[in-house]
Amino acid sequence: MPQTKSEIPQLTGYTCTLCRQHYPYLEEMLTCPQCGETGILDIDYDYDLIGRSLNRDSLRRDQDRSMWRYKALLPLEDRDYSDFLRIGWTPLYRSLRLVDELGIKGLYLKDDGLNPTASLKDRASGVAVAKALELGYDTISCSSTGNAASSCAGNAARAGLKTVIFVPERAPQGKLAQMLIFGARVVSVLGDYRETFNLSKAAIAKYGWYNRNAGINPVMAEGKKTVSLEIAEQLDFQPTDWVAVSVGDGCTIGGVYLGFRDLYQLGMIDRIPRILGIQSTGCSPFVDAARDGAHLKPSPENTLADSISVGVPRNPVKALRAVSASGGAWIAVPDQAILEAMRDMGAKEGVFGEPAGVTSYAGVRQAVAQGVIQRHETVTCICSGSGLKDVANALKAAGNPIRSRPDLEELERTGLFA
Ligand SMILES: *Cc1c(COP(=O)(O)O)cnc(C)c1O
Ligand SMILES: [Zn+2]
């Protein structure tokens, strides 16, 4: 290993999530050299050092309304990121109606569909693009069910990087349009997500592009953790009892935990919220494994929530740890409940999420009904992607408009407005 001195002083090293081997930070690492591809790494930080520049006072003074306000907690060199797309600092809405419907003490909706490419994935893509620039790559590549790809393409376009994207054939049109408009070279793979991932892996190895595959690259979960940093700060460092997030590969939920863990390590919060991981019953490898107390088994990919239709999750360790270490829970909801959640969040709170984006809320509703979440508790529900990305399913959830000729009498005859 080259003995180059780290230019990222807050980063102390890596720990393998499988064999627990620690590696000092000497160069970039993707996975554990001993365990191979499944040896996903954690990134270790020097919290004493970070706490000197990042604390409640410094944040109060910070005018940067983007995820870069937390750059001291990211595995990147200390640079100016103001030319990036504006990622993060998305609104945290206090629920006005659904909270009463659920009958719980408090509910907040974190609308991450308001990121620049309209999903939470921008948090990871921003860090990936920053890292690719730092390391001198000119092309960045990933496989994705859709959002990681469109987000990678958008953030790379802004930075002047080229992108090569591998998506399964079933990716919704909205996401496909985004990637193509952002100028990515898009390979639509005639197969499922697993096959798509494997082709991207082979191509990345052959052509030497920067690898944004979220399952493998440890910096992705680090970007995604900024959602938790924001939730905590927006709640004045008194986070809710629960945080609910939908789960595909497991990188997002893993990141959600890391953000709260960082704040806990820094002494900025005094407890880590319980994390509720939600999947569709049509594709629920994590929920199945948790229920059976067994290892993850490949699951069919049979849900309309395309972003979480991941039969073979690539980040199982971080995802399982997020729930177990936080005292959280796993829940699976049927697709019908996802469509209902889409309609309810839209009609009752004005937040329009894609199916995977509102799966979190469907899970909260079921968790309350089952007594997993209790009436006296509070919940933050992460809406991870915008509904405009998948209009076909939105219309399935919402039904059809009223048809009328441009004639008031005909409108009256419908009887709908009497
Ligand atoms: C990717 C994604 C998820 C799940 O994230 P994973 O890291 O794959 O678990 C949830 N919702 C949306 C909208 C996504 O794009
Ligand atoms: Zn290892």
Side-chain angles (χ1 to χ4, degrees), residues 14-23 29-42 110-115 117-125 142-152 167 171-172 174-175 178 193 197 212-218 220-221 223-225 227 244-258 275 277-280 283-286 301 303 305-320 322-323 338 342 352-363 381-390 393:
Y14 302 94
T15 304
C16 174
T17 56
L18 283 189
C19 71
R20 308 305 307 165
Q21 173 73 41
H22 177 81
Y23 301 97
M29 286 173 74
L30 275 186
T31 49
C32 173
Q34 287 173 51
C35 298
E37 191 189 292
T38 51
I40 297 194
L41 298 171
D42 268 327
K110 177 72 168 161
D111 189 1
D112 248 46
L114 290 176
N115 275 302
T117 76
S119 84
L120 187 147
K121 295 288 194 294
D122 284 327
R123 299 178 184 276
S125 292
C142 74
S143 69
S144 158
T145 56
N147 282 335
S150 53
S151 159
C152 182
V167 284
K175 301 179 185 183
Q178 282 184 297
Y193 180 51
F197 181 90
R212 189 231 174 270
N213 277 331
I216 290 181
N217 189 334
M220 297 310 141
K224 289 177 176 181
K225 79 184 178 186
V227 72
V245 56
S246 53
V247 180
D249 256 329
C251 175
T252 306
I253 192 171
V256 165
Y257 172 74
L258 292 176
I275 298 175
I278 303 125
Q279 302 202 282
S280 162
C283 185
S284 56
F286 283 111
E301 296 180 349
T303 170
D306 68 287
S307 303
I308 52 168
S309 191
V310 182
V312 182
R314 302 288 160 177
N315 214 327
V317 179
K318 286 186 191 177
L320 293 168
V323 170
I338 294 174
M342 209 167 171
F352 183 14
E354 67 166 269
V358 304
T359 298
S360 52
Y361 179 68
C381 194
I382 299 174
C383 177
S384 41
S386 162
L388 283 175
K389 284 172 173 280
D390 186 357
N393 277 313

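Start at 1 and go down the list; that is how both ligands and their atoms are numbered.
Taking any N or O of G248, backbone or side chain, at least one lies under 3.5 Å from an N or O belonging to ligand 1. Polar contact with ligand 1: present for C251 (N/O pair, distance under 3.5 Å). For a threshold of 3.5 Å applied to N or O pairs, the pair formed by E354 and ligand 1 contains no separation below that value. Looking at ligand 1, you'll find an N or O of G250 within less than 3.5 Å of one of its N or O atoms.
Remark: side-chain polar atoms of S246 are not paired, donor with acceptor, to backbone N or O of T359 under 3.5 angstrom. Looking at D122, its side chain does come within 3.5 Å of a backbone N or O of T117 through a donor-acceptor pair.
Excluding waters, the set of protein N/O/S atoms under 2.8 Å from the Zn ion (ligand 2) reads C16 SG, C19 SG, C32 SG, C35 SG.
Residues passing the ring-ring contact (aromatic ring centres under 6.0 Å, His included) test with Y193: none are found, sequence neighbours excluded. When the side chain to side chain contact (heavy atoms under 4.5 Å, CB included) test is applied to S360, the partners found at least two apart in sequence or on another chain are A244, I278, C381. With sequence neighbours excluded, the residues that form a side-chain hydrogen bond (donor to acceptor under 3.5 Å, both in side chains) with N147 are S307, E354, K389.
Interface atoms of ligand 1 facing V247, defined by a heavy-atom separation under 4.0 Å, are 9 (O).
Heavy atoms of I308 come nearer than 4.0 angstrom to ligand 1 in at least one pair.
Of all the heavy atoms of S246, the ones lying under 4.0 Å from any atom of ligand 1 are found in both the backbone and the side chain.
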